[in-house]
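We count ligands from 1, going down the list as the structure has it; atoms in each ligand are counted the same way. Everything quoted here is computed from the prediction, not taken from an experiment.
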Amino acid sequence: MTEVVRVNRSDGVATITIDNPPVNALGHAVRKGLLAALEAAWSDPDVRAIVLCAAGRTWPAGADIREFGKPPGEPSLPALCRALSKSRKPVVVALHGNVLGGGLELALVAGLRIARPGTQLGLPEVSLGILPGGGGTQRLPRLIGAKPALGMMLTGLPITAERAGDLGLVDVLADDPDAAADRAARAWIAGEADLPLASERKVTPTDAEAWLSAVAEARRGLGPSGRLPAPARIVDCVEAALLLPEDEGHAFERVAFKELLATPQSAALRHAFLAERRAQRPSGVGGASPREIEHVGVVGGGFMGAGIATALIGAGYKVTLLERDAEALAAGLARVATQHERAVEKGRLDPEMREEEWARIEGATQVEAFHPVDMVIEAAFEDEAVKSGILAELDRVVKPGAILATNTSYLDINRLADATSRPGDVIGLHFFSPVHAMKLIEVVVTDRTEPDVVATGFAVAKRLGKVAVRAGVCDGFIGNRMLTAYRTATDFLLEDGASPYEVDRAMVAFGFPLGPYQVLDMAGLDISWARRKWLAAARDPTRRYVAIGDRLCEAGRLGQKAGRGYYLYSEGGRKGVEDSEVLKLIEAERDAKGIVARPVSEREIQKRALAAMANEGARILEEKIAERPSDIDLVMMMGYGFPRWRGGPMLVADREDPLMVRDRLRDYAREDEWFWRPAPLWDELIKNGRTFDDLNAD
Ligand code: 3HC
């Protein structure tokens with residue numbers, strides 16, 4: 001028997017404990033150990049009842065995602081579940097933590113399910129591009145009905161044990177489920193209580209009409225299935241559960257599961273899952289523990305500062321919001337109040353928590369109010385002199401050991417840190433807007449940031465419910481640097497012959513929610529214009545520079561807020577229409593440079609945009625601004641709308657083959673050596689027969 005599964009026999013009860021940290025994933029060793037333990041219990045005449053429980057923080061949170069794509073080892077999860085469902089001795093499961101995916105499917109075949117209150121139960125497979133492949137699509141609808149089962153499987157969202165109790169998915173709630181399961185088994189042995197066999201509890205669908213109508217409703221709610229095939233296959237399986245004999249239903253699910261597992265979408269979604277976890281292990285932390293943070297100062301109550309403050313009080317921090325005078329402070333606090341209220345309206349915040357959270361924030365107009373804080377996040381105007389001044393002032397006031405975090409998007413944080421006497425305590429926390437919706441934070445580490453300060457940046461991000469990615473200091477860190485490369489490539493195409501509308505359509509067809517020019521219109525064209533003007537003095541005049549964006553701004557076309565940018569907007573409208581004026585303006589720019597417009601296909605737009613991103617990503621890796629390719633993918637997926645089911649630009653480059661992408665970059669470099677020259681990392685990968693994904697494992 002493997003050590004990940006332990007057995008204890010006492011008074012006719014075999015207690016089988018799964019112990020496979022961190023989340024008791026049902027990898028091969030666990031499945032093998034479980035089956036061996038069950039078989040031993042079945043063949044032991046002294047054992048009358050079986051209790052299944054899990055050590056540590058959770059009941060199995062699913063199949064082992066890291067084993068997907070490797071040859072499956074026997075017993076498979078469906079085989080294990082099938083064996084358990086045929087147990088002639090009653091089986092009780094004791095659930096706690098996250099009962100997810102294969103973990104829930106295993107629990108579904110027990111005769112009695114006991115859960116700790118607050119336990120989360122769900123089938124999140126759809127978020128990995130697959131479906132429950134351990135019998136879940138067949139057993140869950142039988143147990144709780146097709147409609148709620150489809151709801152769980154199509155959203156992938158868990159429900160609480162309390163709700164599961166209402167649905168009949170959990171039989172008993174108990175604070176100590178292991179002890180309760182043991183008591184239930186003993187009571188049955190003593191003849192004092194009933195304990196059904198799984199086979200006795202098998203439910204056959206009764207209301208076929210309701211079942212079929214739930215299936216039809218779910219089918220109507222599906223989007224186009226080409227991009228993400230899993231939801232449609234889940235619905236097919238639930239239909240099969242009604243229409244086919246049980247064994248055939250399970251076989252149908254198995255085929256669909258294997259099909260989905262082999263899709264590139266599922267591979268990309270699994271890559272995204274692992275990238276998120278991998279990013280939480282940044283280098284430079286060593287064994288350092290995070291500093292204790294309870295009270296945070298926020299400088300600036302603009303949209304961003306207010307968003308950060310709202311997130312902080314929501315995560316239980318005490319917050320002091322600083323503004324320059326009473327009027328600005330009132331406006332800042334009003335912004336926090338509005339965002340807080342919206343959280344209640346949108347159901348993100350329990351109304352009962354509103355008062356409690358709001359009591360955690362106070363305003364100040366004097367920096368001295370920051371004396372007791374453990375950390376400050378400054379979200380002031382994006383200007384080096386302004387931010388340096390603020391950091392220097394904060395440094396004078398805040399207590400020793402307090403961390404100074406800056407929410408800059410581009411500035412050199414090494415230089416900002418020089419303005420303080422505590423450069424080791426300075427870090428970048430680059431939030432994305434709007435803060436409540438964007439889960440990404442770039443944790444920007446300077447040459448001197450202390451390891452425990454890095455650890456604190458990650459701990460704060462986690463407590464805020466965000467995903468942190470470590471970035472080094474450079475202009476734009478990881479994300480904005482990638483964005484600049486993306487936009488440069490598409491700006492070149494505008495001059496060469498594409499329209500902004502063709503570019504946007506091509507990138508939306510690739511899977512972005514919006515194209516780059518739609519995004520610019522939404523954000524306001526003046527933001528990047530101001531930056532370009534600021535960088536103008538340092539620009540190399542021999543480099544190709546596309547001035548179309550500048551011309552639009554000069555013509556007052558500042559985007560949605562001005563009613564016109566790359567698109568034309570009706571009063572207050574957010575959906576733009578194409579505008580021939582913009583095309584004329586672009587034509588004039590081409591004429592001025594003597595460029596004759598050429599046709600540019602959708603495929604070419606996508607290829608160039610993706611090659612530009614991957615090449616910038618390679619440079620970012622060479623410069624160690626990002627630690628691994630999957631960190632870059634994660635930033636692009638979580639911060640910039642790169643479709644998650646594509647897995648990010650570095651994975652896309654791997655998929656095509658680094659050699660092909662390198663050669664394409666070489667071709668493009670004949671037009672513009674400075675922008676398109678392939679980063680040396682491509683040659684290194686090709687020479688060693690490696691991919692970017694191989695670097696993730698290093
Ligand atoms: N397989 C392998 N490793 C897993 C895993 C899984 N299913 N779930 C979590 N882990 C690992 C993570 O990679 C991480 O590893 P690391 O510490 O080495 O980086 C560790 O467990 C802790 O995970 P988190 O950092 O995510 O911890 P949290 O406490 O924030 O969250 C969780 C815990 C809610 C369980 C979350 O990890 C989660 O949602 N996991 C995925 C659950 C899932 O998708 N299950 C379905 C799998 S597919 C399946 O079961 C198919 C079946 O139908 C055939």
Cation-pi check, R463 to Y317: give yes when NZ or CZ is under 6.0 Å from the six-membered ring centre and within 45° of the ring axis, no otherwise.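 Yes.
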Can you figure out which of [options] has its heavy atom closest to [atom]?
{"atom": "atom 32 (C) of ligand 1", "options": "L26, D64, N98", "value": "N98"}
{"atom": "atom 41 (C) of ligand 1", "options": "W59, F68, F273", "value": "F273"}
{"atom": "atom 7 (N) of ligand 1", "options": "A25, A279, A63", "value": "A63"}

Just by distance, no angles: are the side chains of H436 and Q339 close enough, under 3.5 Å, to form a donor-acceptor pair?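 On atom types as modelled, these side chains do not qualify, holding no pair under 3.5 Å.
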Tell me, which protein residue and heavy-atom name are nearest [atom], and how many Å apart are they?
{"atom": "atom 1 (N) of ligand 1", "result": "I65 N, 2.9 Å"}
{"atom": "atom 30 (O) of ligand 1", "result": "K462 NZ, 4.0 Å"}
{"atom": "atom 15 (O) of ligand 1", "result": "R66 NH2, 3.9 Å"}
{"atom": "atom 36 (C) of ligand 1", "result": "R277 NH2, 3.7 Å"}
{"atom": "atom 53 (O) of ligand 1", "result": "E125 OE2, 2.6 Å"}
{"atom": "atom 35 (C) of ligand 1", "result": "A61 CB, 3.5 Å"}

How long is the span from the CZ atom in R113 to the CG atom in L169, to the nearest 0.5 Å?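 Reported value, rounded in 0.5 Å steps: 6.0 Å.
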Sidechain N-carboxylate O distance under 4.0 Å for E276, R644: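 Looking at R644 together with E276, the answer is yes, because their closest N to O distance falls below 4.0 Å.
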For ligand 1, which atoms sit closer than 4.0 Å to a heavy atom of [X]?
{"X": "P124", "answer": "43 (C), 44 (O), 45 (N), 46 (C)"}
{"X": "P132", "answer": "53 (O)"}
{"X": "P22", "answer": "20 (C), 21 (O)"}
{"X": "R57", "answer": "22 (C), 27 (O), 28 (P), 29 (O), 33 (C)"}
{"X": "G101", "answer": "46 (C), 50 (O)"}
{"X": "R281", "answer": "16 (P), 18 (O), 19 (O)"}
{"X": "G62", "answer": "45 (N), 50 (O)"}

Give a yes or no on whether the ring-centroid distance for F512 and Y640 is below 6.0 angstrom.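 F512 vs Y640: aromatic centres not under 6.0 Å.
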Under a 4.5 Å cut-off applied to non-hydrogen side-chain atoms, are [X] and [Y] in contact?
{"X": "R277", "Y": "I65", "result": "no"}
{"X": "V460", "Y": "I403", "result": "no"}
{"X": "R254", "Y": "H250", "result": "no"}
{"X": "L131", "Y": "E253", "result": "yes"}

I want to know if ligand 1 touches [X] in the polar sense, i.e. an N/O pair below 3.5 angstrom.
{"X": "L128", "result": "no"}
{"X": "G102", "result": "yes"}
{"X": "L77", "result": "no"}
{"X": "G133", "result": "yes"}
{"X": "L100", "result": "no"}

Contact partition for E105 relative to ligand 1, non-hydrogen atoms under 4.0 Å: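 For E105, the contact with ligand 1 is made by the side chain alone.
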Which bit of V23 is near ligand 1, meaning a heavy atom under 4.0 Å away: side chain, backbone, both or neither?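 Only the side chain of V23 comes within reach of ligand 1.
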Backbone N/O of [Y] and side chain of [X]: donor-acceptor pair under 3.5 Å:
{"X": "R291", "Y": "D452", "value": "no"}
{"X": "E294", "Y": "K318", "value": "no"}
{"X": "K89", "Y": "W42", "value": "yes"}

Which is it for W59 and T119 under the side chain to side chain contact (heavy atoms under 4.5 Å, CB included) test, yes or no, and what are the steps along the way? CA-CA 9 Å; W59 174 262; T119 300; over 6 Å; no
Looking only at non-hydrogen atoms, find the nearest pair between I478 and R470 and report the distance.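 Answer, listing the atom of I478 first, then R470: CD1-O, 3.6 Å.
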